[in-house]
Amino acid sequence: MAGSDEWRCVAATVPPGQSATFRLERAGRTVHGFVVNHDGGYRAYVNCCPHVGTPLDLWPNEFFTEDGRALICSTHGAVFEPTTGRCTAGPCVGDRLTALPLVLEGETLVVRLPTETTAPPAGP
Ligand code: FES
């Protein structure tokens, strides 16, 4: 069965300080991503660390640091700002997670895979 280039989720199922993972597909290309609810807003990113390209969550859907203030890559400990995706500590300081476009349609989060010209790198 073909995958979808759009992911929808009831926003209330991702409460503050929580995350959810998803997979987008188009023309045989797959992108693994995740959405976080932080500081009153939602953000979506490709689940691919800019350091060496592994998923951030070796433990599925575990993206936040223990204090809930940042995102962390479980491979080598890079730390990212949840609102911008910018790496603030670890081996890839200054790099960024690749953001995915996310909109709130009523009570539903919607993430769509960008068109090829602006598409992020494929996740693992
Ligand atoms: S792969 Fe994420 S910090 Fe090295």
Side-chain angles (χ1 to χ4, degrees):
M1 185 172 123
S4 174
D5 62 0
E6 179 181 287
W7 176 78
R8 290 177 169 265
C9 171
V10 175
T13 63
V14 188
Q18 299 297 310
S19 58
T21 60
F22 55 83
R23 185 178 69 187
L24 302 173
E25 293 182 17
R26 182 187 296 142
R29 185 169 153 268
T30 301
V31 173
H32 293 270
F34 64 99
V35 61
V36 295
N37 182 348
H38 178 80
D39 202 21
Y42 296 94
R43 300 286 191 289
Y45 298 105
V46 175
N47 189 5
C48 181
C49 182
H51 180 216
V52 293
T54 63
L56 277 71
D57 61 333
L58 286 181
W59 295 271
N61 200 28
E62 292 285 334
F63 295 98
F64 280 99
T65 53
E66 294 224 352
D67 65 8
R69 293 182 173 185
L71 306 176
I72 187 165
C73 175
S74 54
T75 303
H76 306 113
V79 176
F80 303 89
E81 292 177 342
T83 53
T84 66
R86 189 173 66 90
C87 181
T88 58
C92 48
V93 169
D95 283 348
R96 287 179 183 269
L97 299 173
T98 301
L100 290 166
L102 180 152
V103 295
L104 192 57
E105 293 182 357
E107 300 299 319
T108 302
L109 299 171
V110 182
V111 180
R112 293 187 181 94
L113 193 60
T115 58
E116 290 299 321
T117 53
T118 58

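Predicted, not measured: the structure shown is a model, and the values here were computed from it.
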Count I, L, V, M, F, W, Y as connected when their side-chain heavy atoms are under 4.5 Å apart, and connections chain through other members. Are V103 and Y42 then in the same cluster? no
Do you know the tightest heavy-atom contact between C73 and T54? SG-OG1, 4.1 Å
With rounding to the nearest 0.5 angstrom, report the CZ to CG distance, F63 to N47. 4.0 Å
Kindly say whether V46 contributes a backbone atom to a donor-acceptor pair with the side chain of T98 at under 3.5 angstrom? no
Output the distance between atom CG (D5) and atom CZ (R29), rounded to the nearest 0.5 Å. 10.0 Å
Under a 4.5 Å cut-off applied to non-hydrogen side-chain atoms, are R96 and T84 in contact? yes
May I have all residue pairs that pass salt bridge (Lys or Arg N to Asp or Glu O under 4.0 Å) and include part of residues 74-88, sequence neighbours excluded? E81-R86
Has T108 got a side-chain atom pairing as donor or acceptor with C9's backbone, closer than 3.5 angstrom? no
If Ile, Leu, Val, Met, Phe, Trp and Tyr residues are connected whenever their side-chain heavy atoms lie under 4.5 Å apart, and connections chain through other members, are V31 and W7 in the same group? yes
Minimal heavy-atom distance between P15 and N37, with the atoms involved, is C-ND2, 3.2 Å
Are more than 12 heavy atoms, taken from residues, nucleotides or ligands other than E105, located less than 6.0 Å from that residue's CD atom? yes
Using the rule that two of Ile, Leu, Val, Met, Phe, Trp, Tyr join whenever any of their side-chain heavy atoms come within less than 4.5 Å, decide whether L24 and V35 are in one cluster. yes
Do F34 and F64 sit in the same hydrophobic cluster, where Ile, Leu, Val, Met, Phe, Trp and Tyr count as joined when their side-chain heavy atoms come under 4.5 Å apart? yes
Nearest heavy-atom neighbours spanning L102 and A44: CD1-CB, 3.7 Å
For the residue pair P82 and V36, what are the closest heavy atoms and their distance? O-CG2, 4.2 Å
Reported CG-to-NE2 distance for the pair D95 and H51, which is rounded to 0.5 angstrom: 9.5 Å
Can you confirm whether L71 sits close enough to H38 that some side-chain heavy atom of one is under 4.5 Å from a side-chain heavy atom of the other? no
Does CZ in R8 sit with more than 12 non-hydrogen atoms of other residues, nucleotides or ligands closer than 6.0 Å? yes
Rounded to the nearest 0.5 angstrom, the OG1-CZ distance for T115 and R26 is 7.0 Å
Contact summary for D57 and N61, nearest pair of heavy atoms: OD2-N, 2.8 Å
Which atom names give the shortest non-hydrogen contact between P101 and R112, and what distance separates them? CG-O, 3.3 Å
Could you check P91, C49, C92 and say which one makes a side chain to side chain contact (heavy atoms under 4.5 Å, CB included) with H76? P91
Do V93 and T88 have side chains that approach each other closer than 4.5 Å (heavy atoms only, starting at C-beta)? no
Please determine whether residues I72 and F80 belong to a single hydrophobic cluster, defined as Ile, Leu, Val, Met, Phe, Trp and Tyr linked transitively by side-chain heavy-atom distances below 4.5 Å. no
